[in-house]
Protein chains: 2
Amino acid sequence: MPGSTNFLTKNKSIILYGIFLAIMLLLLKWLELRFILINHAFEIYAGSIAIIFTALGIWLALKLTKPKTILIEKEVFTEKPETFVLNEKEMIRLNISKRELEVLQLMSEGLSNQEIAAKLFVSLNTIKTHIARLFDKLEVKRRTQAVEISKKLSLIP
Amino acid sequence: MPGSTNFLTKNKSIILYGIFLAIMLLLLKWLELRFILINHAFEIYAGSIAIIFTALGIWLALKLTKPKTILIEKEVFTEKPETFVLNEKEMIRLNISKRELEVLQLMSEGLSNQEIAAKLFVSLNTIKTHIARLFDKLEVKRRTQAVEISKKLSLIP
DNA sequence: TTTATCTTCATACTTTAGGGTGATTTTCAT
DNA sequence: ATGAAAATCACCCTAAAGTATGAAGATAAA
């Protein structure tokens, strides 16, 4: 830009003087600082040490100490675990066979003997004998009781 | 003891000399320490500052930091909530009466119609009609199904 | 191989459950 | 007080459940 170039050439000496003054001022300020530094060298040194080692102390404490942990156990109640596991011990104890358990399962779902027979491709009489044996082993007299008790024993879900 | 007294009087000058020597040695050692301290005053001072401020830093860090809180969610499976609450909305929706619910309850416990009748001091026929209405309202055909469904609907425990 | 258990099926019989219909008495809210 | 819902009961009939007994094939363990 020609405008700014003109300004520079016109006030060259003034600018140079200004710059000189600025430098001198900076130098004086620096010398002042130096003077202060020299005269208070010990205090500055001690202060620096204090600051540095305080920082070191903080760092050490934070880094090397075990974090203070407050363990809060929050109980989460699960609605229904749904994780049915067959109580095999009871099954063995009561001497209930796999087939019988299968019939028991279907019985608990509300199926009639006829429906169970159809589902397992066997005769109604077969289901009746299975159920009769189940009642004997479970020591019950009715299917509703059988369902009740075998649910409590975790033989069925 | 006369023995030890004899020993003291006999060697008095030797003992005194020994004590004197010991004191002199201690004095020398102390002077030596003083000399070391004076000559290394600055280092000692700086070191002290370092130690003190490190300690300060550690103290600050331990005292002023918030303890880290770790929240751990622990799943607790309640075996049986045992807190059965009747689903009254379903009861109203299905238009099931108190007496019917009572019968349903006993039915779920495995009682026969005859037993239910005896327990409620009513005739077998009454129980039959109650149950017939229940089956109608629950849209089922067998008592095992009735028990199944009404457990799911929280009409019975 | 032989024994014991499981699974299957049958026949006969008894008991209980369930369906349909109708009727009387309580109870309770309008 | 009166009408609707609830609770009670009876009778008849069918279907399903449960009991008892016997027996035969399948399977797995001894």
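The chains referred to below are lettered A, B, ... by the order of the sequence lines, with proteins before strands, and numbering in each begins at 1. None of these values were measured; they are calculated from a predicted model.
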J.: Within the structure provided, determine whether Leu138(B) and Ile96(B) are in side-chain contact (heavy-atom separation under 4.5 Å).
T.: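 In contact.
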J.: Using side chain to side chain contact (heavy atoms under 4.5 Å, CB included), reason through Glu148(A) and Ser108(B) one step at a time and then give a plain yes or no.
T.: CA-CA 8 Å; Glu148(A) 253 264 287; Ser108(B) 79; 5.7 Å; no
J.: Tell me: NZ of Lys128(A) to P of dT14(C), nearest whole Å?
T.: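 The distance from NZ of Lys128(A) to P of dT14(C) comes to 13 Å, rounded to the nearest Å.
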J.: Once you round it to whole Å, what is the distance between C1' of dT16(C) and CD1 of Ile131(B)?
T.: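 Taking atom C1' of dT16(C) as the reference, CD1 of Ile131(B) is at 11 Å.
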J.: Measure from CD1 on Ile127(A) to P on dC9(C) and round the result to the nearest Å.
T.: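 Rounding to the nearest Å, CD1 of Ile127(A) and P of dC9(C) are 9 Å apart.
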J.: In whole angstrom, give the distance that lies between atom NZ of Lys141(A) and atom P of dA17(C).
T.: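 Answer to the nearest Å: 13 Å.
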J.: Under 3.5 Å, is there a donor-acceptor pair linking the side chains of Thr129(A) and Thr126(A)?
T.: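 Short answer, no.
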J.: Starting from Phe84(B), can I reach Leu155(B) by hopping between I/L/V/M/F/W/Y residues whose side chains sit under 4.5 Å apart?
T.: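 Per the 4.5 Å side-chain linkage, Leu155(B) and Phe84(B) are co-clustered.
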J.: Identify the pairs formed between an N or O of the protein and an N or O of nucleotides 6-8 of chain C at a distance under 3.5 Å, and give each distance.
T.:
from	atom 1	to	atom 2	distance (Å)
dT7(C)	OP1	Arg99(A)	N	3.4
dT7(C)	OP2	Ser97(A)	OG	2.2
dT8(C)	OP1	Arg99(A)	NE	3.1
dT8(C)	OP1	Arg99(A)	NH2	2.7
dT8(C)	OP2	Arg99(A)	NE	2.9
dT8(C)	OP2	His130(A)	NE2	2.9
dT8(C)	O4	Arg133(A)	NH2	3.4

J.: Measuring to OP1 and OP2 of dG18(C), would you say a side-chain N or O of Arg143(B) lies under 4.0 angstrom away?
T.: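 Checking dG18(C) against Arg143(B), a side-chain N or O does come within under 4.0 Å of OP1 or OP2.
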J.: Measuring to OP1 and OP2 of dA17(C), would you say a side-chain N or O of Asn113(B) lies under 4.0 angstrom away?
T.: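 So the side chain of Asn113(B) is within the cut-off, an N or O lying under 4.0 Å from OP1 or OP2 of dA17(C).
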J.: Please assess Leu86(A) against Leu101(A) for the test side chain to side chain contact (heavy atoms under 4.5 Å, CB included), listing each intermediate value before the final yes or no.
T.: CA-CA 10 Å; Leu86(A) 178 77; Leu101(A) 190 73; 3.7 Å; yes
J.: Is there a side-chain contact between Leu94(A) and Leu153(A) (heavy atoms, below 4.5 Å)?
T.: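 Heavy-atom side-chain distance check passes, below 4.5 Å.
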J.: Only one of Val122(B), Leu111(B), Leu106(B) clears side chain to side chain contact (heavy atoms under 4.5 Å, CB included) with Ile127(B); which?
T.: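 So, applying the side chain to side chain contact (heavy atoms under 4.5 Å, CB included) to Ile127(B) and each of Val122(B), Leu111(B), Leu106(B), only Val122(B) qualifies.
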J.: Rounded to the Å, how far apart are Leu124(A) CG and dC13(C) P?
T.: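 So the CG-P distance, Leu124(A) to dC13(C), works out to 17 Å.
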J.: When you measure from the side chain of Asn125(A), which nucleotide among dT11(C), dT16(C), dA17(D) comes out closest?
T.: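 Closest nucleotide among those given: dT11(C).
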J.: Take Phe135(A) and Arg143(A) through the test side chain to side chain contact (heavy atoms under 4.5 Å, CB included) and record every step on the way to the result.
T.: CA-CA 8 Å; Phe135(A) 289 177; Arg143(A) 47 176 57 215; 3.9 Å; yes
J.: Between Leu111(B) (CG) and dT15(C) (P), how many Å, whole number?
T.: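 For the pair Leu111(B) CG and dT15(C) P, the rounded distance is 20 Å.
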J.: Send over the distance from Gln114(A) CD to dC9(C) P, rounded to a whole Å.
T.: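 After rounding, the reported distance stands at 12 Å.
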J.: Quick one: which of Arg133(B), Lys137(B), His130(B) gives a side-chain hydrogen bond (donor to acceptor under 3.5 Å, both in side chains) with Glu100(B)?
T.: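 Single side-chain hydrogen bond (donor to acceptor under 3.5 Å, both in side chains) partner of Glu100(B) among Arg133(B), Lys137(B), His130(B): Lys137(B).
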J.: Protein-nucleotides 27-30 of chain D N/O pairs closer than 3.5 Å?
T.:
none

J.: Could you state the CD-C1' distance from Glu115(B) to dA17(D), rounded to the nearest angstrom?
T.: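 To the nearest whole Å, that distance equals 15 Å.
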